[in-house]
Visitor: 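Below you will find the structure I want to go over with you.
Order of listing sets the numbers, starting from 1, for every ligand and every atom in it.
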Amino acid sequence: MEVIVTRDYDEMSKTAARVVAQVLNLKPNAVLGLATGSTPLGLYRELIRMHREEGLDFSQVTTFNLDEYVGLPRTHPQSYYYFMQENLFKHINVPKQNIYVPSGTTSNYAAFCQWYEQRIRECGGIDLQVLGIGTDGHIAFNEPSSSLGSRTRIKTLARQTIEDNARFFGSPDEVPVYAITMGVGTILEARKIMLLASGRQKAPAVAAAIEGPVTSMITASALQLHRDAMCIIDREAASQLKMLDYYEWVQAKMPNAP
Ligand code: PGA
């Protein structure tokens, strides 16, 4: 796994945006896998800036989001559809019909999950998947003990995740208990994966994901099995890595680093 340690959140976000721009330069009709949460907000701000000021073009791009809360309609301010609309989609030129976010209100979740997987395949697969990481080591809503071969399905959120996400709702009681999420197996099929993490509270999960054993107890550790996965993390999130010196040495020796 390639580990890129940045000074701070801002540098992490700009580095990640350069990776997205590189992918789009090579393939203007790339399929992007996108994440919600606090972590990618800086990346999305930078992409919006690059779109406005540098002409970064999304007109041929297709996007698939990782997950959505079950029970929240698209119009709910805490739904991930709404989040993506407000924080990215309405500010760039990605065509509306190319945007896929799992439905939190379908009447048939099993059929929807199958259809979602099928749409990803029909669109040619995901070229670049953006990920955050939970304090419990999850990617998307693949909570500890999720199968590393899992596909898009409904998951029950861990208590820790509900507590972590309560800051966006009035109280933990208002956080939905279920989510529809791409599986670890779905994520691992992306051609390139970019995990972002910022802040000291993510340091234990980051260390376990990068340097711990591959285990369903830290679903982000499955990225160790991927051929082209990179972690772009700030110094605080990197603070518990045993091999930090080595990653910084590798970075210093890589003239074309993003
Ligand atoms: P955060 O969430 O970016 O809001 O910290 C990350 C996650 O739970 O995957």
Visitor: Specify the protein heavy atom at minimum distance from atom 5 (O) of ligand 1: its residue, its atom name, and the distance to 0.1 Å.
Guide: Lys202 NZ, 2.5 Å
Visitor: Looking only at the side chains, is there a donor atom on one of Thr135 and Lys202 sitting less than 3.5 Å from an acceptor on the other?
Guide: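 The answer is no; no qualifying pair exists.
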Visitor: How does Asn165 reach ligand 1, by side chain, by backbone, by both or by neither, if only non-hydrogen atoms under 4.0 Å count?
Guide: neither
Visitor: Less than 4.0 angstrom from a charged side-chain N to a carboxylate O is my criterion; do Glu189 and Arg121 meet it?
Guide: no
Visitor: Who's the nearest protein heavy-atom neighbour of atom 6 (C) of ligand 1, and how far?
Guide: Ile133 O, 3.5 Å
Visitor: For atom 3 (O) of ligand 1, what is the nearest protein heavy atom, given as residue, atom name and distance?
Guide: Thr39 OG1, 2.4 Å
Visitor: Of all the atoms in ligand 1, which lie at a distance below 4.0 Å from a heavy atom belonging to Gly37?
Guide: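 With Gly37 as reference, the close atoms of ligand 1 come out as 3 (O), 4 (O).
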Visitor: Report the C-alpha separation of Phe83 and Gln78 in whole Å, then their side-chain angles, then the decisive distance to 0.1 Å, and conclude whether the side-chain contact (heavy atoms from CB on, under 4.5 Å) test is met.
Guide: CA-CA 7 Å; Phe83 174 101; Gln78 295 310 330; over 6 Å; no
Visitor: Give me the nearest non-hydrogen protein atom to atom 8 (O) of ligand 1 as residue plus atom name, then the distance to 0.1 Å.
Guide: His138 NE2, 2.7 Å
Visitor: With a 3.5 Å distance limit and no angle check, can you tell me whether Thr161 reaches the backbone of Leu157 through a side-chain donor-acceptor pair?
Guide: no
Visitor: Does Arg167 come within less than 4.0 angstrom of ligand 1, counting non-hydrogen atoms of the residue?
Guide: yes
Visitor: From the options Tyr81, Phe64, Phe112, select the one residue that forms a ring-ring contact (aromatic ring centres under 6.0 Å, His included) with Tyr100.
Guide: Phe64
Visitor: Tell me which part of Gln201 gets within contact of ligand 1: side chain, backbone, both or neither, using heavy atoms under 4.0 Å.
Guide: neither
Visitor: Under a plain distance cut-off of 3.5 Å, with no hydrogens placed, do Ser103 and Glu68 share a side-chain donor-acceptor pair?
Guide: no
